[in-house]
Amino acid sequence: MHPPHKLVAITKGAFIIQIYVVKRGDTLSAIAMRYKTTASEIIRTNEIETPNDLVIGQTIVIPIRGQFYEVKQNDTLYKIGQRFQVSVAELARVNRIQPEAILPIRFLLYIPERPKRDILSKAYIEPRGNQVSENLKQAAREASPYLTFLGAFSFQAQRDGTLREPPLDQLPQIAAQSQTELSMVVTNLEDEKFSDELGRILLTNQSVKTTFLNEIVRVAKKYQFKEIHFDFEYLRPADKDAYIQFLREATARFHQEGWMISAALAPKTSSEQKGKWYEAHDYEAIGNIVDQVVLMTYEWGYSGGPAQAVSPIGPVRQVIEYALTVMPANKIMMGQNLYGYDWTLPYVQGGPFAKAISPQQAIAIARDHNVSILYDETAQAPYFRYTDDNNKQHEVWFEDARSIQAKFNLIKELNINGIAYWKLGLSFPQNWLLLSDQFNIEKRMTS
């Protein structure tokens with residue numbers, strides 16, 4: 001097994017927890033006054049580019065310690081205390097009111113900070129071409145304080161078992177500055193697509209497999225990787241057992257070196273789920289072998305499909321709940337998108353493909369076209385429609401503070417071990433602030 005390691009929980013910046021949804025007529029100064037902070041702090045925290053032109057439905061995180069709760073009809077200190085797991089006596093003390101006080105509707109009741117649990121977090125980073133762009137380097141700098149692992153995507157296996165390496169440039173140094181481990185992501189990508197034939201060769205040709213494992217060890221030592229992550233997708237169902245055996249051999253080999261091993265799994269809800277993407281990923285077998293799994297719980301809404309939430313909360317929950325029936329919770333990391341899509345309507349199979357956008361870009365699009373941002377309570381995701389300059393209708397689904405908070409609540413409720421983000425490069429500042437507020441991010445340090 002890999003050697004013991006010390007876990008160091010760190011947080012960065014202010015505690016951010018209050019989520020506010022912009023209403024008609026709101027100004028940042030009025031919002032700041034209500035929550036006893038400053039407009040400049042809200043602008044800095046949320047990276048708001050147009051502070052005097054807010055979008056109705058836009059979410060803002062308020063930089064305060066703890067949070068405020070707006071009292072509703074029939075609320076009592078007891079009911080509110082149960083909801084937030086705070087005693088009546090503590091609520092009364094911090095708000096300087098009597099425990100039996102009748103609470104006025106819309107009264108802002110202060111909820112004190114609560115203990116945070118430790119989790120693992122990972123984010124994939126995908127350099128393109130021969131070097132790491134300045135945008136990606138900056139994204140790595142900004143995200144690394146909130147990460148256990150920075151996954152270098154990807155080391156592409158070749159048909160002879162050798163590896164094609166991505167450019168890393170300063171990524172090892174950037175990760176090290178924040179005590180973040182650089183993770184080696186190994187894939188069966190070929191010509192920018194996952195190849196079932198490449199997978200078959202790597203998993204079933206003994207000579208190639210031996211070369212492949214030797215190459216991974218050589219390259220991992222070269223860069224001092226201590227976590228090897230396999231993202232093998234679209235494997236043939238007939239190669240399921242070969243993949244399981246390969247992971248057994250890889251785990252034994254990597255544990256001898258003191259390294260962790262993890263694997264990405266397609267989003268399944270049963271062991272009988274059909275489809276080429278799913279059948280070779282045996283949740284129970286793989287979950288018993290590797291140290292961690294990343295459930296790819298996103299892309300229900302994808303660039304080539306109809307407009308819908310990228311990671312709707314219901315399907316995400318179903319995948320995690322299935323995984324929990326066949327593997328321990330402390331091996332599960334929930335996959336999470338850092339992006340949304342802008343679809344041109346009506347949807348036509350085969351194109352045009354939706355454009356990937358950041359949450360910040362989504363807000364800018366809504367602002368530029370003077371439309372409100374709506375929120376789908378079932379999917380727990382924001383969306384809106386607009387008409388472009390060519391009179392084409394568009395539908396946009398993305399992530400905001402509310403949708404990511406719903407995912408964090410799921411992590412807590414189901415007690416899984418962490419979150420893995422695909423992928424860095426599209427700005428979503430609220431995610432990192434909420435992540436550090438909700439959890440202590442574990443930093444692995446060898447003893």
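Counting begins at 1 with the first residue of the sequence.
At a cut-off of 3.5 Å, with distance as the only test, no side-chain donor of Q292 or S262 sits close to an acceptor on the other residue. In summary, the side chains of N409 and E413 do not present any donor paired with an acceptor at a separation below 3.5 Å, with no hydrogens or angles considered. With hydrogens and angles left out, the side-chain atoms of D160 and T162 include a donor and acceptor closer than 3.5 Å. For T148 and K122, the side-chain atoms include no donor-acceptor pair closer than 3.5 Å. Remark: the N337 side chain and the E399 side chain contain an N/O donor-acceptor pair separated by less than 3.5 Å. Side-chain contact annotation: N188 with E233, donor-acceptor N/O pair under 3.5 Å absent. Between the side chains of E321 and T325, no donor-acceptor pair of N or O atoms lies under 3.5 Å. For the residue pair E134 / Q138, no side-chain donor-acceptor distance below 3.5 Å is found, with atom types taken as modelled. A side-chain donor from one of Y124 and H229 sits under 3.5 Å from a side-chain acceptor of the other. Between the side chains of T180 and K443, at least one donor-acceptor pair of N or O atoms lies under 3.5 Å.
Annotation: cation-pi pair K226/Y223 absent, no NZ/CZ under 6.0 Å from the ring centroid and within 45° of its normal.
Atom CZ of R164 sits in a sparse spot, with 12 or fewer heavy atoms from other residues, nucleotides or ligands closer than 6.0 Å. K240 NZ: 12 or fewer foreign heavy atoms inside a 6.0 Å radius.
Note: W277 and Y234 have parallel aromatic rings, judged against thresholds of 30 and 60 degrees for the angle between ring planes.
Under the 6.0 Å cut-off for aromatic ring centres, F408 and F439 qualify, their centroids lying closer than that.
Side-chain atoms of N330 do not come within 3.5 Å of backbone N or O of I416 as any donor-acceptor pair. Judged by distance alone, the side chain of Y341 and the main-chain N or O of A309 form no donor-acceptor pair under 3.5 Å. Side-chain atoms of N390 do not come within 3.5 Å of backbone N or O of K392 as any donor-acceptor pair. Using modelled atom types, one side-chain atom of N214 and one backbone atom of T210 make a donor-acceptor pair closer than 3.5 Å.
When each of F153, Y146, Y339, W432 is paired with Y421, the ring-ring contact (aromatic ring centres under 6.0 Å, His included) condition holds for W432 and for no other. Residue I60 forms a side-chain contact (heavy atoms from CB on, under 4.5 Å) with just one option from I42, I19, V21, T45, and that option is I42.
The pair R402-D400 meets the salt-bridge criterion, with a side-chain N (NZ, NE, NH1 or NH2) lying under 4.0 Å from an Asp/Glu carboxylate O. A salt bridge links E126 to R128: one of the charged nitrogens lies within less than 4.0 Å of a carboxylate oxygen. D291 has no carboxylate O lying under 4.0 Å from a charged side-chain N of K331, or vice versa, which leaves the two without a salt bridge. With respect to the salt-bridge test (charged N to carboxylate O, under 4.0 angstrom), the residues K268 and E279 do not qualify.
To the nearest 0.5 Å, the span separating CH2 on W397 from CH2 on W300 amounts to 14.5 Å. Residue T27 holds its OG1 atom at 9.0 Å from CG of N52, rounded to the nearest 0.5 Å. To the nearest 0.5 angstrom, D239 atom CG is 11.0 Å from F232 atom CZ.
Contact between I332 and A323 at its shortest, heavy atoms only, is CD1-CB, 3.8 Å. In plain terms, the two heavy atoms of P429 and E47 that are nearest each other are CB-OE2, 3.6 Å.
Take Y386 and apply the ring pair (Phe, Tyr, Trp, His ring centres under 6.0 Å) test, not counting sequence neighbours, and it matches H369, H394. The ring pair (Phe, Tyr, Trp, His ring centres under 6.0 Å) search around F246 returns F212, F230, not counting sequence neighbours.
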